[in-house]
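Below is one structure, written out as structure tokens; comments come after it.
Chain A is the first sequence line, chain B the second, and so forth, proteins listed ahead of strands; every chain is numbered from 1.
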Protein chains: 2
Amino acid sequence: MPTPPLNSSPESKSADAFAPSREASKEITVRFNNAGTEEKVPEKVNIREVARQAGVSVATVSMVLNASPRISRSTHIKVQKMIDKMGYRPNRLAQSLSGRYTQVVAVMLPPLRHAFADAYFGEILSGIADRAGKLGHKLLIEQAKPQFVKEGKHLELYERRFVDGVLCLGFNEKHSFLSDFAARRYPMILVDNRFGDNLLDYVHCDYRLGAQQAMNCLLQLGHRSIGMVYAAPESPTARDVVETYTASLVAAGITPSEQWLVDGCFTDEGGAEAARVLLSRDPQISAILCGNDKMALGAIRYLTTHGHRVPDDVSVVGFDDIQHLAYANPSLTTVHLPLYELGVLACEKLVERIRGKVEHVAEVLPTHLVLRESTGMMRSLRS
Amino acid sequence: MPTPPLNSSPESKSADAFAPSREASKEITVRFNNAGTEEKVPEKVNIREVARQAGVSVATVSMVLNASPRISRSTHIKVQKMIDKMGYRPNRLAQSLSGRYTQVVAVMLPPLRHAFADAYFGEILSGIADRAGKLGHKLLIEQAKPQFVKEGKHLELYERRFVDGVLCLGFNEKHSFLSDFAARRYPMILVDNRFGDNLLDYVHCDYRLGAQQAMNCLLQLGHRSIGMVYAAPESPTARDVVETYTASLVAAGITPSEQWLVDGCFTDEGGAEAARVLLSRDPQISAILCGNDKMALGAIRYLTTHGHRVPDDVSVVGFDDIQHLAYANPSLTTVHLPLYELGVLACEKLVERIRGKVEHVAEVLPTHLVLRESTGMMRSLRS
DNA sequence: AACCGTTGTTAAAACAGTTTACCATTCTTG
DNA sequence: CAAGAATGGTAAACTGTTTTAACAACGGTT
């Protein structure tokens, strides 16, 4: 396919310099479209053209755009009128190239098959997107596939000036490439997790508090044999839950058992299988704490289809409070994580970090328990 | 906070011109960090620096980067070696500014509260993201809030050179601002829908085929009184389903009834309410076709909690085949939409459209039925 | 009147690439 | 062997903005 001819400049460079106030409002360029017919295209409007038409310098227009206090009110109005009249929109590639920032932040998701279709990520993303929009930033999404990281594309994001900063969702200590960011001082915030060494900036939910709230509930309902379906032991926040679970049992005078702990892989199927294993190991178990809602749902599905009533025989508590699960049957008691707010905060802090307003980011947001139908009083205590 | 001092150039412009082959591999600039201590920062590497070090012109380096056939094998290797040695990465703001494309495409989502946490959008997005990555394109996400559209930010996306093209997910004929794209010939593809006037490029699933497959199944199972929970009558593809549903009934010698049609708003709750209305209007109804899985799930929830067994009393068929619903109880018979593939195709076609390789895009992908537990034979026909 | 300090504006130099027109070579070919 | 074509490379123009240093005009002090 032949390249269409470029616009030919209607006047020479030097002529330009001698005719700063030239009337040029009717300038048009003739261009040929694919059909070979002529077509009138309005002169593409850039800052130079606006300056010419307004009878000021390019610098003045730029300063009007950026609301510089050095421009007088009258000039500001005059130039703004011309900008509106000509429908001028500054080219942001040029702006970013010449300026310090791209005004774009990336969101990096883990290489899971359904990362985009995930309620957990989606909720955080909503918060990020809303705040990014308010702050005048655009959002780029990337999935950190192994190939992507191996080729160093995560660093290219900064080095080729795609973005000013990155928000990382769903990663844990196994993803060691994240340290690359810290090593180069590239703005990056780990969302809903932290690294053990605390070298990476982070923002996460208070998983210890959440686990405490869930355990308090189950213990108050009289449960003594409480199983736990955990996942991702390489994730510090996931470990927080297990540790708090164990500590809660101890504090209640119960000896925790290794038998009560099963990995559910954060998946529906894993949760179902974990419930099976738990009850086969110890039929006394009357309550199960799950590391996320998906596993809790899987567990409930296994239980209800294998002769255990929920919550009559076994109580189940989840973690996340993802949407549209309030309608599960029975509906799920779960620890609500403020994921939307977490996204908002992450985005806000990232921009502050980019602007150099903060040196280090480490924030924790409180959780709360949502009581629904999947928990009930311990059998023996019921009247 | 004080602005850190910029790098001061270690040599004047003219000196530069007279020392094209200068040894400069050890050049460093001294910069002061916030603590006021000195810090060595490697000279930032741009195309000019690479050209100097390799002893060629800037144009040559550029042509090596773009694999121009006008560069000899020996020069290519020499320059590539220097590029690798210096760790040079072209600034893509400069590339896009001077070149024709940004290599970025936007995905626009409707202003729904949980647009990012949606399994339907997520699946399409996965396909888009995968293909965009392969084509060397980045992905920008936007939510088309009313404010966003009102301020013309959807057009800014092109006019300020954020992106080369846009993929629109989840919109329908009510979203008239989409015509703005067509009017300006900005590359945009409507994903999984079309506009009645066919002026907009589109890619969608074959909803007629899907509805046909669902209806064939229900009719073959002996159902004669079949309700339908539709939604979004302003969506042409949604109308396809209703029309095919009606036509199927007629073709089977059944007189369709207005009573059998209820709007379920594409939501879980809407589906539940629709099921209630349907059965109150006509208790004879033994099967329900739902416009998406969410509504089907809502319907099943209503039915099972109000004394109707699924599928023994009422069969339910969904539409979409979203993930993690195979595990619902009973698991859902549904029309599988190739959403991932649709995303892939949309992205591919958009890039072709951007490159001018195609003038108009209009593609339809076939569906298939996934038989699971929510459908069964009509009561009276069972042995 | 000379000097100083504002205030408002501008020319020119970045930013970092791509593209084009032109210029040497070297290779064919009549 | 001279003319013409092909090859490989380069200088300079171009993309569209921000930013900085310089400066003109003007008011207010000594």
Does a nitrogen or oxygen in the side chain of B:Ser72 sit under 4.0 Å from OP1 or OP2 of D:dG8? no

Select base, sugar-phosphate, or nothing to describe what B:Ser96 touches, counting heavy atoms under 4.0 Å on all strands. nothing

Provide, to the nearest angstrom, the distance between the CG atom belonging to A:Asn91 and the P atom belonging to C:dG17. 17 Å

Does one side chain, of A:Asn91 or A:Gln95, offer a donor that lies under 3.5 Å from an acceptor on the other? no

Could you give the CD1-to-C1' distance, from A:Ile71 to D:dT19, as a whole number of Å? 13 Å

Calculate the interatomic distance between B:Phe162 atom CZ and D:dT17 atom P; express it in whole Å. 12 Å

Nearest-Å distance, CG (B:Leu93) to C1' (C:dT18)? 15 Å

Scan A:Val56 against the nucleic acid and name what it touches under 4.0 Å (heavy atoms): base, sugar-phosphate only, or nothing. sugar-phosphate

Do B:Ser179 and B:Ser176 pair up side chain to side chain, a donor and an acceptor below 3.5 Å, judged on atom types alone? no

Distance below 4.0 Å between A:Ser62 side-chain N/O and D:dT18 OP1 or OP2: yes

Can you work out whether A:Val58 or B:Ser98 has the more 5'-proximal nearest nucleotide on DNA chain D? B:Ser98

Between B:Ser57 and D:dT10, is there a contact of a side-chain N or O with OP1 or OP2 at under 4.0 Å? yes

Roughly, in whole Å, what's the span from CZ in B:Arg160 to C1' in D:dT15? 16 Å

Interatomic distance, B:Arg100 CZ vs C:dT20 C1' [rounded to whole Å]: 14 Å

Tell whether B:Arg48 reaches the base of C:dG17 with its side chain through a donor-acceptor pair below 3.5 angstrom. yes

Is the shortest distance from a Lys or Arg side-chain nitrogen in A:Glu156 or B:Arg92 to a carboxylate oxygen in the other one below 4.0 Å? no

State whether A:Asn46 places a side-chain N or O below 4.0 Å from either non-bridging phosphate oxygen (OP1 or OP2) of D:dT17. no

Does A:Tyr186 have any side chain to side chain donor-acceptor pair (under 3.5 Å) partners at least two apart in sequence or in another chain, and if so, which? A:Glu159

Whole Å only: how far is the CG atom of B:Leu65 from the C1' atom of C:dT18? 10 Å

Does A:Tyr88 reach a base, just sugar-phosphate, or nothing at all? Heavy atoms under 4.0 Å. sugar-phosphate

Side chain of A:Lys44: nearest nucleotide among D:dG16, C:dT20, C:dG17? D:dG16

Any N or O donor-acceptor pair linking the side chain of A:Arg161 to the base of C:dA16 at under 3.5 Å? no

Between the side chains of B:Lys145 and A:Asp130, is the shortest nitrogen-to-carboxylate-oxygen separation below 4.0 Å, so that they form an ion pair? yes

Name the closest nucleotide to the A:Ala59 side chain, picking from C:dG17, D:dT18, D:dT19. D:dT19

For B:Met63 and B:Leu97, find the nucleotide of DNA chain C closest to each by heavy atoms; which residue's nucleotide sits nearer the 5' end? B:Leu97

Are A:Lys44 and A:Glu49 close enough for a salt bridge, meaning some N to O gap below 4.0 Å? no

Rounded to the nearest Å, what distance is computed from the CD1 atom of residue A:Ile77 to the P atom of nucleotide C:dG8? 13 Å

Mapping A:Arg89 and B:His76 onto DNA chain D by nearest heavy atom, which one lands closer to the 5' end? B:His76

